[in-house]
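Reviewing the structure listed below.
In listed order, ligands and their atoms are each counted from 1. Since this is a predicted model, take the numbers as computed values, not measurements.
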Amino acid sequence: MTIAATTEYEGLAHAAAGGVAELRSMNAEHIVVVGAGQAGCGIATELRKLRFGGRITLIGDETHMPYQRPPLSKAYLAGELPEERLSLVSGQRLREAGIDFRGGVRASGIDRRNRTLQLEDGSSIAYDRMAIATGGRNRALPWPEARADNVFSLRTIDDVRRMRDYWSAGKRLVVIGGGFIGLEVAATAVRAGLQVTVLEAQDRLLSRVTIPAVSDFFEKLHGAAGVTLRKNVQVVGLEGMPQVSAVVLADGTRLAADLVLVGIGLLPNTALAEVAGLEVRDGIVVDECARSSDPRIVAAGDCANHPSVWTGTRLRLESVQNAADQARTAAATLCGAATKPYRALPWFWSDQYDVKLQIAGISAPHDHLVLRGDPAFGAFTVFYFLAGRMIAADSLNRPQDHLFARRAIGGGLRVDPGRIADEAIPLSELSR
Ligand code: FAD
């Protein structure tokens, strides 16, 4: 990553005609970015890459330097990745880029009329333009016992640090929710010798994001590793305080637990935007250029709801790809550079044991499926088609298929569904 603070705009090859003048006029402006995660950090650093020369302040309520979250449920939780390797950008690079990072302070209000951001420490900051990249928070269970010392959700470094006190071989971990985070934690835990039970309310794992064949693959994978999976179960309570000792199911079963992980989804952090009167509907409503209903304010990442060219609907995505790519669009919009609407193809990955699932595109709705490879050998791809066009692919340990799908879908290439199942035909011969 190259970050350069500069006040020189002349001769910038990438700036559109007219964009240079606008950039120059913005030199005196102050852009405040709220939320110092993947998207917020991306916006602040991208602004410098686009040669924005005004002030940038990056506000984050966590006390850590900006960091990446995916390893929290994988290598970092397993103790295989040191904390410094989570870093998105160092303090020194932020300083060199002239980005004023203020961590450990929460933004509490926006006065749009006077263009000031209020902070919880009682201070306020004047802004000319603002980015909201406040991410989301984990959905919580409604009972008081959900706040017990040994009940966790996983979003931050501090969550992992707290969980480590309970993390040792032989401990009984009950995971509530068979989604990506629950399953990644289950895989990490069982490899560390914990006794793991996963509870899933639906009749299969990952039911919102993939087809039954892929769910089935993951069920077998976890089963073979020693995870106990219980599907079609409703958790109706937790027992014990200040330490939970059991998870109670609707049929009266009490599952003994030394620690509980709740992985039941995410709620976007939109309170700031709502109180400020911005339009909010499952996330802060933004246009293709990441603009909110206030043209001076953009939003990006898990907290933003954008129009998708891939589905023709509005989407709120929770992925690194979305946060990083939308941040680039948001930064360009903020500083008036030649804005490219946000049209990146969504993609996502999950690591469980030695299996890498990579998802390209949005698979629903689809009308035809093609399988390439063999689930029995642990490496296959499900290609999704709609009206003859490839729209998505779920690849398991098939990185070449994933890259092919991203190229084909993103580039609008026609792929013959009749030929793709035939492994004798190389990928390079499948699109035209
Ligand atoms: P965040 O990274 O959540 O950053 C938002 C920041 O804003 C947070 O630090 C928050 O505390 C702060 N904030 C909120 N409100 C305020 C306020 N009022 N004032 C100041 N600061 C505030 N994605 C993948 O693609 N692949 C994966 O394998 C994967 N694994 C994941 C594993 C885990 C355990 C988690 C939690 C997420 C994972 N993700 C994965 C999702 C990915 O990390 C997120 O989509 C991405 O971090 C979103 O970035 P963001 O900047 O929108 O939000």
Should you measure from each heavy atom of Gly301, which atoms of ligand 1 turn up under 4.0 Å away? 52 (O)
Only one of Arg314, Arg281, Arg316 clears side chain to side chain donor-acceptor pair (under 3.5 Å) with Asn305; which? Arg314
Within 4.0 Å of some non-hydrogen atom of Asn269, the atoms of ligand 1 are 14 (C)
In the protein, what heavy atom is nearest to atom 7 (O) of ligand 1, and what distance, to one decimal place, separates them? Gly35 CA, 3.3 Å
Could you tell me how the ring of Phe180 sits relative to the ring of Phe348: parallel (under 30°), tilted (30 to 60°) or perpendicular (over 60°)? tilted
Can you tell me if Arg398 and His402 form a side-chain donor-acceptor pair at under 3.5 Å? no
Is the shortest distance from a heavy atom of Ala133 to ligand 1 less than 4.0 Å? yes
Who's closest to atom 35 (C) of ligand 1 heavy-atom-wise, of Ile181, Asn322, Leu72? Ile181
Does Leu173 reach the side chain of Phe152, with side-chain heavy atoms less than 4.5 Å apart? no
In this structure, are over 12 heavy atoms from other groups packed under 6.0 Å from Arg161 atom CZ? yes
Less than 3.5 Å between some nitrogen or oxygen of Gly60 and one of ligand 1, yes or no? no
Here the atoms of ligand 1 under 4.0 Å from any heavy atom belonging to Ser319 are 23 (N), 25 (O), 45 (O)
In the protein, what heavy atom is nearest to atom 19 (N) of ligand 1, and what distance, to one decimal place, separates them? Ala107 N, 2.9 Å
Tell me which part of Leu317 gets within contact of ligand 1: side chain, backbone, both or neither, using heavy atoms under 4.0 Å. neither
Proximal ligand 1 atoms for Lys74, defined as those under 4.0 Å from one of its heavy atoms: 27 (C), 28 (O), 29 (C), 30 (N)
Any donor-acceptor N or O pair under 3.5 Å, side chains Ser123, Asp121: yes
For atom 53 (O) of ligand 1, find the nearest protein heavy atom and state the residue, atom name and distance (0.1 Å precision). Gly135 CA, 3.3 Å
I need the contact type for Phe180 against ligand 1. Using non-hydrogen atoms and a strict under-4.0 Å cut-off, is it side chain, backbone, both or neither? neither
Testing the 3.5 Å rule here: is there a donor-acceptor pair between the side chains of Ser293 and Glu279? no
Which protein non-hydrogen atom lies closest to atom 20 (C) of ligand 1, naming both residue and atom, and how far is it? Asp61 N, 3.4 Å
Under 4.0 Å from a heavy atom of Val105: which atoms of ligand 1 are those, numbered in the order shown and with their elements? 20 (C)
Is the closest N or O pair between Ser350 and ligand 1 shorter than 3.5 Å? no
Evaluate side-chain contact (heavy atoms from CB on, under 4.5 Å) for Ile157 paired with Leu72, printing each intermediate quantity in order. CA-CA 7 Å; Ile157 286 180; Leu72 296 183; 4.1 Å; yes
For the residue pair His64 and Tyr67, does the interplanar ring angle fall in the parallel (under 30°), tilted (30 to 60°) or perpendicular (over 60°) class? perpendicular
Please tell me whether Asn138 and Ser153 have a donor and an acceptor in their side chains that are separated by less than 3.5 angstrom. yes
Numbered atoms of ligand 1 (with element) below 4.0 Å of Gly37, judged on heavy atoms: 2 (O), 4 (O), 6 (C), 51 (O)
May I ask you to check if ligand 1 and Gln321 share an N or O to N or O distance below 3.5 Å? no
Please determine whether the number of non-hydrogen atoms from other residues, nucleotides or ligands lying under 6.0 Å from atom CZ of Arg296 exceeds 12. yes
Contact partition for Ala39 relative to ligand 1, non-hydrogen atoms under 4.0 Å: both
Quick check on contacts: which atoms of ligand 1 are under 4.0 angstrom from a heavy atom of Glu318? 45 (O)
Could you tell me whether the side chain of Phe380 reaches within less than 4.5 Å of the side chain of Asp374, counting heavy atoms only? no
Counting non-hydrogen protein atoms only, what is the nearest one to atom 46 (C) of ligand 1? Give residue, atom name and distance. Asp302 OD1, 4.0 Å
Can you tell me if Asp401 and Thr381 form a side-chain donor-acceptor pair at under 3.5 Å? yes
Identify the closest protein heavy atom to atom 8 (C) of ligand 1: which residue and atom is it, and at what distance? Arg69 NH2, 3.2 Å
Measure the distance from atom 39 (N) of ligand 1 to every protein heavy atom, then report the residue, atom name and distance (to 0.1 Å) of the closest one. Pro70 CG, 4.3 Å
What are the atoms of ligand 1, with element, lying closer than 4.0 Å to any heavy atom of Glu62? 8 (C), 9 (O), 11 (O)
Salt bridge (charged side-chain N to carboxylate O under 4.0 Å, His left out) between Glu318 and Arg69, intermediate numbers included: CA-CA 11 Å; Glu318 297 165 11; Arg69 298 184 197 279; over 6 Å; no
Distance to 0.1 Å, residue and atom name: give those for the protein heavy atom nearest to atom 3 (O) of ligand 1. Arg155 NH2, 2.7 Å
